[in-house]
**Student:** 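First, the structure itself, so that you have it in front of you.
Atoms within a ligand are numbered from 1 in the order they appear, just like the ligands themselves. Atoms considered below: every heavy atom in the structure, side chains included; atoms not considered: hydrogens, waters and symmetry mates.
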Amino acid sequence: MQCLFCDIIEKKRPSRIIYEDDHAVAFEDINPQAPVHTLIVPKKHISTNLEITDADNWLIGHLFQIANSVARSKGIAENGFRLVMNCNRGAGQTVFHIHLHVLGGRLMHWPPG
Ligand code: 5GP
Ligand code: ZN
């Protein structure tokens, strides 16, 4: 199965990885929408938010903990940042391996586009 983010996780495709552990990887988005735009992905291939099961509960919490670490280390935690997970095409999902977007370093508008 061809998956862009599995390829990044397996280092078959280059990326700017800023964090990695046994369960997840964080890397810089190739087309940043804010001064900070980092993607947090589980190493387990889960195609959309809808495929998350009870067995993944710890893993999903872990992604949020990594997002907090990224926000703190990049100095955007205090001011504020946004976490986004698009689910399916109508919401803008283009890569079907779940990922948490960490966006910050500028004023984040609401409602989002
Ligand atoms: P989605 O639209 O699925 O929520 O988010 C996919 C994100 O992956 C987009 O923000 C896009 O810029 C990013 N992206 C797509 N291809 C690559 C790639 O090859 N490398 C990196 N680092 N990011 C990518
Ligand atoms: Zn994948």
Side-chain angles (χ1 to χ4, degrees):
M1 176 196 47
Q2 190 66 24
C3 172
L4 197 63
F5 286 177
C6 282
D7 284 352
I8 285 176
I9 291 160
E10 291 164 22
K11 318 273 168 48
K12 292 178 185 160
R13 183 180 177 86
S15 71
R16 288 167 54 206
I17 292 176
I18 60 164
Y19 174 83
E20 178 170 12
D21 63 27
D22 287 347
H23 304 282
V25 175
F27 55 92
E28 307 296 12
D29 197 291
I30 204 167
N31 182 24
Q33 301 302 311
V36 174
H37 190 172
T38 302
L39 302 175
I40 321 287
V41 302
K43 288 189 170 176
K44 176 182 177 184
H45 179 91
I46 302 172
S47 55
T48 82
N49 196 55
L50 294 167
E51 272 66 56
I52 293 169
T53 69
D54 285 352
D56 303 316
N57 283 350
W58 178 87
L59 181 60
I60 300 306
H62 187 56
L63 302 184
F64 278 78
Q65 297 285 7
I66 295 169
N68 288 342
S69 301
V70 168
R72 288 194 183 100
S73 68
K74 288 186 176 272
I76 59 169
E78 280 298 304
N79 208 45
F81 59 100
R82 184 167 294 168
L83 300 180
V84 172
M85 188 177 287
N86 297 320
C87 183
N88 279 338
R89 292 199 190 279
Q93 187 175 5
T94 57
V95 179
F96 285 77
H97 178 134
I98 60 166
H99 47 282
L100 203 50
H101 296 256
V102 182
L103 293 150
R106 66 167 169 82
L107 186 63
M108 304 303 295
H109 302 283
W110 194 263

**Student:** Can you report which non-hydrogen protein atom sits closest to atom 17 (C) of ligand 1, along with the distance?
**Tutor:** Ile30 CG2, 3.7 Å
**Student:** Going by heavy atoms, is Met85 under 4.0 Å from ligand 1?
**Tutor:**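 In this structure, Met85 fails to qualify as a contact of ligand 1 - no heavy atom is under 4.0 Å.
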**Student:** Can a donor-acceptor pair be found, under 3.5 Å and without considering hydrogens, that links the side chain of Lys43 to the backbone of Asp21?
**Tutor:** yes
**Student:** Please could you name the atoms of ligand 1 that Gly92 approaches to less than 4.0 Å, counting only its heavy atoms?
**Tutor:** 1 (P), 2 (O), 4 (O)
**Student:** Once ring pair (Phe, Tyr, Trp, His ring centres under 6.0 Å) is applied, do any residues pair with His37, and if so which ones, sequence neighbours excluded?
**Tutor:** His101
**Student:** Check for me whether Phe5 has a heavy atom closer than 4.0 Å to any atom of ligand 1.
**Tutor:** yes
**Student:** Any chance you could measure Thr53, atom OG1, to Ile46, atom CD1, to the nearest 0.5 Å?
**Tutor:**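 Thr53 OG1 to Ile46 CD1: 7.0 Å, rounded to 0.5 Å.
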**Student:** Distance from Ile52 atom CD1 to Lys44 atom NZ, nearest 0.5 Å?
**Tutor:** 9.5 Å
**Student:** Nearest protein heavy-atom contact for atom 22 (N) of ligand 1: which residue, which atom, what distance?
**Tutor:**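 The protein heavy atom lying closest is Glu28 O, 2.9 Å.
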**Student:** Name whichever N, O or S atom of His97 ends up nearest to the Zn ion (ligand 2).
**Tutor:**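 Of all N, O or S atoms belonging to His97, ND1 is the one nearest the Zn ion (ligand 2).
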**Student:** If you count the atoms of ligand 1 from 1 in the order shown, which ones are under 4.0 Å from a heavy atom of Asn31?
**Tutor:** 12 (O)
**Student:** Among Ile17, Asp29, Thr38, whose heavy atom sits nearest atom 11 (C) of ligand 1?
**Tutor:** Asp29
**Student:** For atom 16 (N) of ligand 1, what's the nearest protein heavy atom and its distance?
**Tutor:**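 The answer is Leu4 CD2, 3.2 Å.
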**Student:** When you measure from the side chain of Asn79 to the backbone N and O of Ile76, does any donor-acceptor pair fall under 3.5 Å?
**Tutor:** no
**Student:** I'd like to know if the side chain of Glu51 reaches the main chain of Ile98, judged simply by a donor and an acceptor atom lying under 3.5 Å from each other, with no hydrogens or angles considered.
**Tutor:** no
**Student:** Roughly how far, to the nearest 0.5 Å, is CZ of Arg106 from CZ of Arg82?
**Tutor:** 8.0 Å
**Student:** Which atoms of ligand 1 are found less than 4.0 Å from any heavy atom of Ile8?
**Tutor:** 20 (N)
**Student:** Are Leu100 and Ile60 linked, directly or through intermediate hydrophobic residues, by side-chain heavy-atom contacts shorter than 4.5 Å (ILVMFWY only)?
**Tutor:** yes
**Student:** Between the Zn ion (ligand 2) and His45, which N, O or S atom of the residue is the nearest one?
**Tutor:**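 Distance check against the Zn ion (ligand 2) picks out ND1 in His45.
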**Student:** How close does the nearest protein non-hydrogen atom get to atom 3 (O) of ligand 1, and which residue and atom is it?
**Tutor:**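 Here the nearest protein heavy atom works out to Thr94 N, 2.7 Å.
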**Student:** Between Glu78 (side chain) and Gly80 (backbone), is there a donor-acceptor pair under 3.5 Å?
**Tutor:**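 Flag not set: sc Glu78 to bb Gly80 has no pair under 3.5 Å.
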**Student:** Which residue from Arg13, Gln33, His99 reaches closest to atom 6 (C) of ligand 1 through any of its heavy atoms?
**Tutor:** His99
